[in-house]
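Read the numbers this way: they start at 1 and go in the same order the structure lists the ligands and their atoms.
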Amino acid sequence: MDNLKETLQNVEDGLTLDREQFKKCVQSNIVLLTQAFRKKFVIPDFQSFTSHIDELYESAKGLSEGKVADYIPQLAKFSPDLWAVSLCTVDGQRHTVGDSKVPFCLQSCVKPLKYAVAVNDYGTEYVHSFIGKEPSGLRFNKLFLNEDDKPHNPMVNAGAIVCTSLIKVKAVQHLFYVMNFLKKLAGNEYVSFSNATFQSERESGDRNFAIGYYLKEKKCFPEGTDMTSILDFYFQLCSIEVTCESASVMAATLANGGICPITGERVLSPEAVRNTLSLMHSCGMYDFSGQFAFHVGLPAKSGVAGGILLVVPNVMGIMCWSPPLDKLGNSVRGIQFCTDLVELFNFHNYDNLRHFAKKYDPRREGGDQRTIKCTLCVCRLALSSVDMEQRDYDSRTALHVAAAEGHTEVVRFLLEACRANPAPKDRWGNTPMDEAAHFGHHNVVGVLQRYQDICSPPAADNHQGGAEKNLDTFF
Ligand code: DON
């Protein structure tokens, strides 16, 4: 857009570009633009996808349960009605709904991010010589260590405080350093600092001081660590502010393996991203982590300000924000949104196993477009006199595949125009009808049933050569 504006200023009528000028405008973004015009983005039908997102947002908006955290005035001030969802795909497609420009503190959502910074800078081995990788099964702020006297993981306070000490020991201007890192994760979008929150966190942080002294007693910090200054740094990191929009880009950078989809810059190593997502998956949602992994099946991290940072690996990052929290400390509307999202789309880690019930997959082309393409492809093959009853290694025919995938038009074409045998058996003895029934494609079952009722199945040696003759009838 910048190129375009600049070039148009020098164009006589202010509107028309010649070929060279056009080329100059698009060449630095040619890959992105080509992907856009060819509908090759990870979510090809983005408009339809985002209209579903808006519906899920609206449905969660009606919830009135939960309580806004009130242990410090900077959190208590938030209206319980605030509610926002922002998303950014790995191709940089953006969508946002609700109060997505209101700044709020990351609080515990910063835990996975600082862990990622630590692993990025110092490697897995060093970081995990101080911190475990196991869910604790206890509340996030418990005074408790594992059998080796280490914090259970970096997502609970004890682990996050030790993680903070690893960054502080090595970086000189540590707060500036981490904020700068977060800014890069967010594609240079909104990242700020609330000094008032920091002061309040420090004043009300007795439990964290207790954890700090316990960690010191058990020699959990690197040598020479000044525990009280580490706690200050911990409280400062909790007080870093984002908006729903900027945080969605942070999540998208994790979804994209550490490369920010907005700037194209590699911000985190693949190792740091993989570790972070693994621990978010198993430990990111307080005492609800197991249930969240079971029902939603995606890496996420929540914070006491009401944020939930959600990652759909290789697809998108999402930030949900709404201050009212449930008993376990997770945003009520955020949890509802994440659960509904995965009920509708096949984003759960184990949604895509073979022979699994199908959910809506926004990564694919829309149903209509796919059907047209498939039908045209099959027509083309039939017109080239290809044997439409050829079998693959598993003895499956085109009709098996079309029936299993629910392509009603292709099934009709194979039966009516190509006179394909309607009941061939594959090597497991399954017919196209079995496939259609198994995958719940009731239209296809109906077509196959009607065809079998009307026509007696053609003899095995009499199926070919009818394609051209019957094409007209079919259409
Ligand atoms: O450490 C605390 O108590 C808070 N400032 C952190 C808040 C939070 O989000 C809870 N996290 N696990």
Cation-pi between Lys61 and Phe337: NZ/CZ under 6.0 Å from ring centre and within 45° of the ring axis?
-> no
Do Lys114 side-chain atoms and Val178 backbone N/O form a donor-acceptor pair below 3.5 Å?
-> no
Near-ring test Phe345/Phe49, centroid separation under 6.0 angstrom = yes
Pairs under 3.5 Å, nitrogen or oxygen of ligand 1 with protein nitrogen or oxygen:
| residue | atom | partner | partner atom | Å |
| --- | --- | --- | --- | --- |
| ligand 1 | 1 (O) | Asn157 | ND2 | 3.0 |
| ligand 1 | 1 (O) | Asn208 | ND2 | 3.0 |
| ligand 1 | 1 (O) | Tyr234 | OH | 2.7 |
| ligand 1 | 3 (O) | Asn208 | ND2 | 3.4 |
| ligand 1 | 5 (N) | Tyr71 | OH | 3.4 |
| ligand 1 | 5 (N) | Gln107 | OE1 | 2.7 |
| ligand 1 | 5 (N) | Glu201 | OE1 | 2.8 |
| ligand 1 | 5 (N) | Glu201 | OE2 | 3.2 |
| ligand 1 | 9 (O) | Ser108 | N | 3.0 |
| ligand 1 | 9 (O) | Ser108 | OG | 2.7 |
| ligand 1 | 9 (O) | Val304 | N | 2.8 |
| ligand 1 | 11 (N) | Ser108 | OG | 2.1 |
| ligand 1 | 11 (N) | Lys111 | NZ | 3.3 |
| ligand 1 | 11 (N) | Tyr286 | OH | 3.3 |
| ligand 1 | 12 (N) | Ser108 | OG | 2.6 |
| ligand 1 | 12 (N) | Lys111 | NZ | 3.1 |

With sequence neighbours excluded, give me every side chain to side chain donor-acceptor pair (under 3.5 Å) pair touching residues 318-330.
-> Ser302-Asn330, Ser322-Arg333
Side-chain donor/acceptor of Arg266 to backbone N/O of Gly257, under 3.5 Å | yes
For the pair Asp91 (side chain) and Gln93 (backbone), establish whether a donor and an acceptor sit closer than 3.5 Å, ignoring hydrogens and angles.
-> no
